[in-house]
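In what follows, chains carry the letters A, B, and so on, assigned in the order in which the sequence lines appear, proteins first and then strands, with residues in each chain numbered from 1.
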Amino acid sequence: MADHKISTLLKGDIPLGETVTVKGWIRTRRDSKAGLSFIQIHDGTCFDPIQAVAQSDLPNFAEVVQKLSAGCCVICTGELVESQGKGQSREIQVASIEVPGWVQDPETYPMQPKRHSMEFLREMAHLRPRTNIIGAATRVRNCLAQATHRFFHENKFYWIHTPIITTSDAEGAGEAFRISTLDLANPPRDDKGGIDFSQDFFGRETFLTVSGQLNVEAYCCAMTRVYTFGPTFRAENSNTSRHLSEFWMIEPELAFADLNDDADLAEQYLHYIFKAVLDEHPDDMAFFAKHVEPTAITRLENFVEKSFERMDYSEAIKALEKSGRKFEFPVTWGMDLQSEHERYLCEELCERPVVVMNYPKEIKAFYMRLNDDEKTVAAMDVLAPGIGEIIGGSQREERLEVLDARIKEMGLEPDVYWWYRDLRKYGTVPHAGFGLGFDRAVNYATGIKNIRDVIPFPRAPKSADF
RNA sequence: UCCUCGGUAGCUCAAUGGUAGAGCAUUCGGCUGUUAACCGAAAUGUUGUAGGUUCAAGUCCUACCCGAGGAGCCA
């Protein structure tokens with residue numbers, strides 16, 4: 001007999017009276033010595049577990065049912081019936097139950113039916129998917145990922161599998177992890193005494209990618225609309241609730257587009273994926289609203305309904321100056337916006353996501369398009385209340401001579417970017433794109449504060465267990 | 001990397017420099033169509049690590065390790 005997913009059984013599509021089989025793990029067991037055992041079984045397919053009721057006349061009641069504890073893996077068959085108790089509409093009247101996996105020594109099983117600290121759960125990264133909160137976060141994360149692909153597919157973007165291994169760390173996005181098969185204890189040396197990377201696996205220095213942008217631009221200049229969605233690696237010593245050493249980034253790139261088109265895309269995209277969560281995961285969101293962040297649902301509804309505020313960097317500076325606030329970092333034109341400034345703009349001034357556009361060129365990357373004022377570049381950051389910068393993007397410099405000037409201005413070596421420059425030589429096109437921290441989007445959707453709690457097996461400085 | 005705070009039972013937390021505690025979990029008993037059940041009992045400790053001060057250190061001092069919040073870097 002085919003087994004049933006708990007989500008299907010609880011939804012009510014299966015008629016009462018039918019014999020069903022569920023396969024999953026025990027959350028709790030509550031006993032009645034009068035002859036009943038109530039067993040909560042979950043299988044990850046939805047927030048709620050299903051209740052299985054075992055009567056004492058089952059042949060294995062004493063030896064099996066009475067010994068079930070949290071975490072046991074069970075296969076349970078019985079009649080789907082209307083529940084006599086409160087708290088659930090339907091339940092399973094157990095006809096047979098078997099246990100493929102007992103919990104050895106229940107005393108040592110760390111997952112208790114109570115609230116654990118997020119720090120403790122992080123140390124139990126292999127068992128925490130069995131909890132309400134991580135289970136819900138896992139489903140929401142999946143929903144956001146599926147919605148991402150759906151959104152881009154519906155809008156004629158191609159998913160480009162840009163390489164994980166890159167040959168340059170000069171992409172201007174932070175420190176990279178080196179990849180090498182050289183003998184660390186005794187590496188080959190060149191005639192200057194440096195390490196001879198020509199003898200390394202790829203015959204040159206290689207790193208884990210810090211961004212797929214440069215590569216995806218090449219595909220953009222042929223396929224028109226493209227995006228990347230994959231793991232990204234930064235070897236920064238960042239110890240915050242918003243940074244990971246390994247995280248997932250989404251980088252769309254669209255041709256025949258300027259900065260405003262880019263901001264439009266960012267807004268449509270975020271609206272789309274957060275609406276998907278609201279539509280598809282009301283149970284999980286209700287849990288987050290109850291136990292994690294009281295405004296989880298309302299602020300997401302707000303986010304989806306309201307358009308983003310847009311302002312130039314220069315306007316943002318004026319607004320900060322006029323705020324009458326005493327900021328720790330004084331506000332002057334030309335500085336980079338600090339966290340406190342970003343928070344004021346989106347949380348207090350506008351009370352909604354804010355797109356800040358056209359930053360001073362000195363504080364932005366070489367590939368961002370120089371504006372006509374020659375002081376600013378067509379860059380944008382999307383700032384979300386409660387989470388800060390969630391998107392960073394720009395219109396790309398499509399004019400070769402301007403790009404070369406910018407590369408030199410920043411002390412970089414044009415030859416390194418030979419193929420990137422080729423894109424400007426051969427049929428260049430105005431284009432724009434952005435990078436979105438996927439894990440930060442999961443933080444925002446769930447209300448979970450720490451990025452290490454929305455990704456399976458987080459990697460961060462001094463932290464790569466499991 | 002910097003600043004601040006923290007580390008005590010499996011978990012969440014108490015404990016004026018003077019005998020190491022509670023709730024939950026676990027085990028046992030009772031009760032109940034139960035709902036993170038309830039009632040009673042039992043068992044549970046190298047107080048992060050290494051030094052130091054003191055008659056006496058969970059508590060004070062030093063160093064280190066780990067964690068949290070904030071900052072920087074960014075997504």
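Taking the P atoms as reference points, B:U16 lies 33 Å from B:C2, given to the whole Å. Taking the C1' atoms as reference points, B:A9 lies 13 Å from B:A14, given to the whole Å. Taking atom C1' in both B:A57 and B:A50, the straight-line distance is 15 Å, to the nearest Å. B:U34 sits 23 Å from B:U27 when the P atoms are compared, rounded to a whole Å.
The side chain of A:K462 approaches B:C66 more closely than any other nucleotide in the set B:C66, B:U1, B:U34.
Contact annotation for A:Q51: base contact, defined as any heavy-atom pair under 4.0 Å involving a base atom. Backbone-only contact: A:I390 has heavy atoms under 4.0 Å from sugar-phosphate atoms and none from a base. At the heavy-atom level, A:R27 lies nowhere under 4.0 Å from the strands shown.
The aromatic rings of A:Y227 and A:H149 sit tilted, their planes meeting at an angle between 30° and 60°. The aromatic rings of A:H161 and A:W159 sit perpendicular, their planes meeting at an angle over 60°, well past the 30° parallel limit.
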statement: Given protein heavy atoms under 4.0 Å, the one-letter contact record of nucleotides 39-50 of chain B, with B base, S sugar-phosphate only and - none, is simply ------------

statement: A correct dot-bracket answer for RNA chain B, with pairs being Watson-Crick or G-U at under 3.5 Å, [ ] for crossing pairs and | for inter-strand pairs, is (((((((..((((....[..)))).(((((.......))))).....(((((..]....))))))))))))....

